[in-house]
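To start, the structure under review is shown below, and the notes come after it.
Here the structure is a predicted model, which means the values were calculated and not measured.
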Protein chains: 2
Amino acid sequence: MKHDIADIKNLLNRHDIRPTQIRKAIAGLLFDGLDKHVTVDDVIEMARGRQIKTSVASVYNTLNQFAASGLLRRVSVEQGRAFFDTNLSAHHHFYFEDEERLEDIPVDAINIQGLPKLPKGRRIKSVDVTIRI
Amino acid sequence: MKHDIADIKNLLNRHDIRPTQIRKAIAGLLFDGLDKHVTVDDVIEMARGRQIKTSVASVYNTLNQFAASGLLRRVSVEQGRAFFDTNLSAHHHFYFEDEERLEDIPVDAINIQGLPKLPKGRRIKSVDVTIRI
DNA sequence: TCTCAATTTAGAATTATTCTAAAAGTGATT
DNA sequence: AATCACTTTTAGAATAATTCTAAATTGAGA
Ligand SMILES: [Mn+2]
Ligand SMILES: [Mn+2]
Ligand SMILES: [Zn+2]
Ligand SMILES: [Zn+2]
């Protein structure tokens with residue numbers, strides 16, 4: 001639980017993100033120690049709920065910056081909306097299709113024994129296992 | 001290679017899809033025996049290239065119908081566009097991020113040893129492994 | 001406090017997709 | 001072949017997620 005403002009500022013500084021108002025506010029919503037999978041709309045609603053005044057464009061800007069800086073992981077599990085994942089450690093996902101919701105699967109709950117040889121000149125950026133249920 | 005028109009009509013009939021003009025035309029483009037991952041735009045371009053006159057809406061309709069009938073598998077690997085996969089057998093994917101392109105990985109090239117226990121009342125719809133490279 | 005680049009914002013623009021409703025096609029029946 | 005009921009196709013409008021633009025605001029350092 002990194003709840004205090006000092007920790008949030010520190011987190012942003014460590015990632016070379018200037019700790020501005022809405023960045024601190026959104027970081028405070030997201031990085032409370034609990035793993036989350038949020039959409040842009042989720043964040044807008046969370047911000048409204050806590051009287052944080054911001055704009056749609058700023059939420060997009062901020063989530064995209066956080067993802068680019070490695071504070072969030074973007075998860076593409078369906079064509080429409082993007083999910084942003086606060087859990088940065090290696091893990092996999094259940095996707096509840098009817099609820100349009102992700103849930104983490106610990107990395108050691110799935111044992112991948114062998115990986116295929118890669119095309120020439122390529123390196124693995126990620127190995128994502130999605131179990132649709 | 002199921003190239004002749006009789007086979008295409010047969011395929012559509014077996015899946016309870018009326019073999020109309022554009023359905024036969026699009027099926028002819030897609031089901032030539034080679035595995036493909038196509039976007040709607042790909043199909044529109046392919047159709048243009050073979051002088052098949054159709055509309056954007058019809059390509060969407062047809063690909064969605066084919067996917068609903070089990071003739072195609074929809075693959076969601078990034079937020080923007082959907083891919084439609086003509087390979088219906090169990091397999092996984094390399095995703096070439098810079099080229100925005102999918103490539104099949106044979107199912108037995110990845111050995112998944114254990115799966116986590118499912119949430120109550122849920123059944124697995126699919127297990128998708130995507131290796132981003 | 002002043003300055004100026006970075007940030008935030010409202011609204012326009014873009015992109016993928018779906019919807020609407022009218023025209024065209026299909027298959028069965030006379 | 002003509003009719004009929006229904007399905008499909010289509011152009012264009014509508015929707016939804018996201019990005020862009022350009023102007024206003026902020027804030028870190030001088
Ligand atoms: Mn939501
Ligand atoms: Mn393409
Ligand atoms: Zn996760
Ligand atoms: Zn495939």
Side-chain angles (χ1 to χ4, degrees), chain A residues 5 8-10 12-13 15-29 37-48 50-69 71-72 74-85 100-102, chain B residues 5 8-10 12-13 15-29 37-48 50-69 71-72 74-85 100-102:
Chain A
I5 190 66
I8 292 290
K9 283 180 72 167
N10 212 274
L12 296 179
N13 280 325
H15 286 262
D16 293 307
I17 301 169
R18 274 177 49 177
T20 60
Q21 301 258 286
I22 68 110
R23 287 178 186 156
K24 283 184 287 181
I26 291 178
L29 295 176
H37 307 97
V38 298
T39 64
V40 164
D41 278 351
D42 291 336
V43 175
I44 292 171
E45 285 168 33
M46 290 163 79
R48 278 211 198 95
R50 295 211 208 169
Q51 330 289 355
I52 297 166
K53 189 205 166 287
T54 186
S55 66
V56 175
S58 289
V59 174
Y60 274 101
N61 287 343
T62 302
L63 295 183
N64 285 338
Q65 288 154 2
F66 285 3
S69 306
L71 274 176
L72 287 176
R74 191 188 305 265
V75 179
S76 295
V77 78
E78 57 173 33
Q79 114 271 93
R81 307 175 307 305
F83 287 91
F84 292 88
D85 193 340
E100 302 190 347
R101 175 171 73 81
L102 286 165
Chain B
I5 189 67
I8 291 290
K9 283 180 71 167
N10 212 274
L12 296 179
N13 280 325
H15 287 261
D16 295 307
I17 300 170
R18 273 174 54 172
T20 62
Q21 303 256 287
I22 69 110
R23 287 177 186 158
K24 283 184 288 183
I26 292 179
L29 295 175
H37 306 98
V38 299
T39 63
V40 164
D41 278 352
D42 291 335
V43 174
I44 291 171
E45 285 167 32
M46 292 164 79
R48 278 210 199 95
R50 295 210 205 168
Q51 331 288 355
I52 296 166
K53 190 209 164 285
T54 185
S55 65
V56 175
S58 289
V59 174
Y60 274 100
N61 287 343
T62 304
L63 295 184
N64 285 338
Q65 287 153 3
F66 285 4
S69 305
L71 274 174
L72 287 176
R74 191 188 305 264
V75 179
S76 295
V77 79
E78 57 173 33
Q79 115 271 93
R81 306 173 311 303
F83 288 92
F84 292 88
D85 192 340
E100 302 190 345
R101 177 171 72 79
L102 284 165

request  = Using distance alone, with no hydrogens and no angle criterion, decide if A:S58 and A:N61 have a side-chain donor and acceptor under 3.5 Å apart.
outcome  = no
Roughly, in whole Å, what's the span from [atom1] in [X] to [atom2] in [N]?
{"X": "B:Q65", "N": "D:dT10", "atom1": "CD", "atom2": "P", "value": "12 Å"}
{"X": "B:L12", "N": "D:dT7", "atom1": "CG", "atom2": "P", "value": "18 Å"}
{"X": "B:N13", "N": "C:dG27", "atom1": "CG", "atom2": "C1'", "value": "13 Å"}
{"X": "B:I17", "N": "D:dT9", "atom1": "CD1", "atom2": "C1'", "value": "16 Å"}
{"X": "B:D42", "N": "C:dA16", "atom1": "CG", "atom2": "P", "value": "11 Å"}
{"X": "B:E78", "N": "D:dT19", "atom1": "CD", "atom2": "C1'", "value": "15 Å"}
{"X": "B:K24", "N": "D:dT7", "atom1": "NZ", "atom2": "P", "value": "19 Å"}
{"X": "B:Q21", "N": "C:dA24", "atom1": "CD", "atom2": "P", "value": "14 Å"}

request  = Step through the shown structure and confirm whether more than 12 heavy atoms of other residues, nucleotides or ligands are within 6.0 Å of NZ on A:K9.
outcome  = no
query = Counting heavy atoms not belonging to B:R101, are there more than 12 under 6.0 Å from its CZ?
reply =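 Counting other residues, nucleotides and ligands, CZ of B:R101 exceeds 12 neighbours.
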inquiry  = So, does B:T39 get its side chain near the phosphate of C:dA16, meaning an N or O under 4.0 Å from OP1 or OP2?
reply    =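 Result: no.
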task = Establish, with yes or no, whether the OP1 or OP2 oxygen of D:dT18 is under 4.0 angstrom from a side-chain nitrogen or oxygen of A:R81.
result = no
State, to 0.1 Å, how close [X] and [Y] come at their nearest heavy-atom pair, and which atoms those are.
{"X": "B:V38", "Y": "B:M46", "value": "CG1-SD, 4.3 Å"}
{"X": "B:L102", "Y": "B:H37", "value": "O-ND1, 3.4 Å"}
{"X": "B:F83", "Y": "B:E100", "value": "CZ-O, 3.5 Å"}

message = Tell me which residues in residues 52-62 of chain A lie within less than 4.0 Å of DNA chain D, going by non-hydrogen atoms.
response =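 Hits under 4.0 Å, by residue number: A:A57, A:Y60.
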ask   = Nearest of D:dT8, C:dA16, C:dT18 to any side-chain atom of B:N64?
value =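 That would be C:dT18.
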task = Output the single nucleotide from D:dT18, D:dT10, D:dT7 whose closest atom is nearest the side chain of B:R18.
result = D:dT7
Sole candidate of A:T62, A:L63, A:V56 that passes side-chain contact (heavy atoms from CB on, under 4.5 Å) when paired with A:V59 =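 That would be A:L63.
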